[in-house]
Each structure stands twice: as structure tokens, then as C-alpha cells.
Amino acid sequence: MSMFDRTLEYIDQLQHASTAAAVCERLLSVTSNFGLTALMAGTVPQPGTPRGRQKDHVMLCDWPGEWLERYVARNYVDHDPVVSHMKQLQAPFQWREASQAIVIDKSSDEVMGDAREFKLRDGLAFPLVTLDGQIVMVSLGGESVELSEAEFGMVSLASTYAIGRAMQLHTMAGKVIDHIELTPRERECLQWAAVGKSEWEISQILGISEHTSEKHLLNAKSKLGAANRVQAVAEAIRRGYIS
């Protein structure tokens, strides 16, 4: 199969993806070949945006759940050198370039240091500008990232199509699925999953069986349209079920 045919196949798969989790899975199946194993994409909140509202800006997310929770809780978006550099440059770049191009203070150094804890040592970021002038930031990260110039372009193209589909789903969700009902137990299990607790640990904390805790997480994952536990946590955070 030629690269052109593969591109058409990828686009077709994206158009048939019915959830943000499915879009994430398809995009990462391409980018992981270059060490880019984690994804965050969405509009950039204005400085000072309340933390509870920051989650509304997320369109695609396959970030480590605990890292996403920390990023929002500590308001890292206002100190992230990658976000700052993207606003200034408005062109594709690797994360390492952001650290070299702007003045790194204590807060921004903390952001990058914490990211490394979650095996996000480097990555690439680029903005996509919509027809109405809205900026969507795409950030892909991993522990060991190696990209040639041609591969950089390939990842950019794949991401552009993925974001386009994500925007369609985001709009559809706003019109069709305004609210998903999670039970109190499902929320509790997701909250403990967000801080890295296993099904067995959650069962001990909540005084339920391990099978029951697993069932609650599976139900929550299904309702949120997530492909795995990490994506379920990310979607729950985006929708405000985990604060």
C-alpha cells in the first residue's frame, strides 16, 4: 500500500470514529512510531481562566491521568513554556525549543520537571487556526522523541485531520449529549483511579468488592465513550466530574 493510500485509509478511519477516544487511538497509532505516545489538544484558555472552566477547552486527551489532574489543579497552563512559546511563535516546534527560546522561571521549570515524572521529556506542539480565528493547540509528548523533517510534516498532517474530526464530535456532543449521568459510585471510583489507585485499592477504600469497583469503572468508561481507563479519567475531568 502506498503512503497516499495509507493517508486515505487513515482519513476514512477518522471520519468513522464516533468518540474522541477513538480519534485519539487512531492518531496515536501513527505518532507512537516516533515516540509520541501522549496527546493533548484543545483551545488555549485565557490567563486567569477558573480551573473548573479550563477542562471545557479540551477536545482530545490521552495524557497520564494523574499528570492531567496536577496540570489543572496547579494551573500550569499559565506557566507552561510550551503554551507560551506556541502563542509567540504560532508555528510547529519541539518542546525543547520552548525551553531554549523563552526565559524559564521557577514556575515554568516546575511544569517541565513534573512532566518528566510522567515520562513526557520531549514532544512537539503546533497551533491550528480555525476559519473564525480560534487557535487550537496540539501537543504530543513522549519519553524519547525522534523526528525527521519529513516525519514532522507527516505527524502535523495526521494531527490536523484528527483535530478536524474532534471538532466535529465536540460540536455534536454539545448539541446532542449535554450531560452524561454518572452514579455517585462511578464518580468515586474515577476520582480514586485518577490518583493511580488500582481496582483492588479502590475496593478497600470504598468498602466494596474488587469486582464491584471494576464494574463501576467499566460502566463509567462506557458512558464516557473512552477506550481505556486513562481516557475515562481525562474525559471525566474535562466534563467536571473530577475537580
Side-chain angles (χ1 to χ4, degrees), residues 3 6-7 10 13-14 20-42 44 58-72 74 76-77 79-89 91-128 136-163 166 193-196 226-234 237:
M3 285 303 297
R6 288 181 182 176
T7 302
Y10 169 74
Q13 290 172 342
L14 282 179
V23 174
C24 277
E25 185 178 5
R26 289 307 309 148
L27 178 55
L28 290 175
S29 72
V30 174
T31 64
S32 60
N33 294 316
F34 312 107
L36 297 163
T37 56
L39 164 69
M40 172 68 79
V44 180
V58 177
M59 291 182 182
L60 293 178
C61 180
D62 197 339
W63 240 220
E66 190 177 346
W67 166 236
L68 179 62
E69 180 71 8
R70 184 184 302 184
Y71 193 95
V72 173
R74 298 185 181 180
Y76 275 168
V77 68
H79 308 287
D80 190 339
V82 173
V83 174
S84 299
H85 192 51
M86 189 277 296
K87 289 179 178 178
Q88 295 174 12
L89 187 64
F93 62 90
Q94 286 197 239
W95 290 2
R96 68 187 76 162
E97 296 173 33
S99 299
Q100 297 166 359
I102 66 174
V103 177
I104 299 294
D105 58 19
K106 183 178 179 181
S107 296
S108 55
D109 188 56
E110 182 181 359
V111 175
M112 300 307 287
D114 280 6
R116 287 191 288 271
E117 283 186 31
F118 295 93
K119 298 183 178 181
L120 299 174
R121 296 182 175 277
D122 196 11
L124 64 86
F126 51 90
L128 297 174
V136 178
M137 178 180 174
V138 182
S139 187
L140 289 148
E143 189 169 20
S144 179
V145 179
E146 294 296 334
L147 283 167
S148 67
E149 186 174 343
E151 290 165 346
F152 199 109
M154 183 193 306
V155 169
S156 298
L157 178 66
S159 300
T160 299
Y161 280 114
I163 295 304
V195 295
N228 55 45
R229 173 173 161 150
V230 170
Q231 290 173 349
V233 168
I237 290 174

Partners of [X] by side-chain contact (heavy atoms from CB on, under 4.5 Å), sequence neighbours excluded?
X	result
Thr160	Leu128
Ser32	Thr37
Met154	Met3, Phe34
Val145	Leu36, Gln94, Asp122, Leu147

Sequence-distant partners of [X], side-chain hydrogen bond (donor to acceptor under 3.5 Å, both in side chains), two or more places apart:
X	result
Trp95	Ser139
Glu117	Arg70
Gln13	Arg26

Fill in the blank from the handout: Partner of Val138 under side chain to side chain contact (heavy atoms under 4.5 Å, CB included), picked from Val155, Leu27, Ile163, is Ile163
Testing the basics here: between [X] and [Y], what is the closest heavy-atom pair and its distance to 0.1 Å?
X	Y	answer
Tyr10	Ala158	OH-O, 2.8 Å
Gly65	Val233	CA-CG1, 4.2 Å
Leu60	Ala20	CD2-O, 3.6 Å
Pro92	Pro127	N-CD, 4.4 Å
Gly141	Leu120	C-CD2, 3.9 Å

Exercise for the section: Could you check if a side-chain atom of Leu28 sits within less than 4.5 angstrom of a side-chain atom of Asp62, using non-hydrogen atoms only? Expected result: yes
Practice task
Check whether any side-chain heavy atom of Val83 sits under 4.5 Å from a side-chain heavy atom of Tyr76, and report yes or no.
Solution key: no
Enter the distance from [X]:[atom1] to [Y]:[atom2] here, rounded to the nearest 0.5 Å.
X	Y	atom1	atom2	value
Lys87	Asp80	NZ	CG	10.0 Å
Cys24	Met40	SG	CE	9.5 Å
Leu157	Phe152	CG	CZ	13.0 Å
Tyr71	His79	OH	NE2	10.0 Å
Ile237	Leu68	CD1	CG	4.0 Å

Problem - For Phe93, all residues meeting ring-ring contact (aromatic ring centres under 6.0 Å, His included), sequence neighbours excluded - result: His85
Practice task
May I ask you to decide if Leu14's main-chain N or O and Tyr161's side chain share a donor-acceptor pair within less than 3.5 Å?
Solution key: no
Problem - Under 3.5 Å: donor-acceptor pair, side chain of Asn33, backbone of Val30 - result: yes
Exercise for the section: Using the side chain to side chain donor-acceptor pair (under 3.5 Å) rule, collect all pairs that involve residues 149-159, keeping only residues at least two apart or in two chains. Expected result: Ser148-Glu151
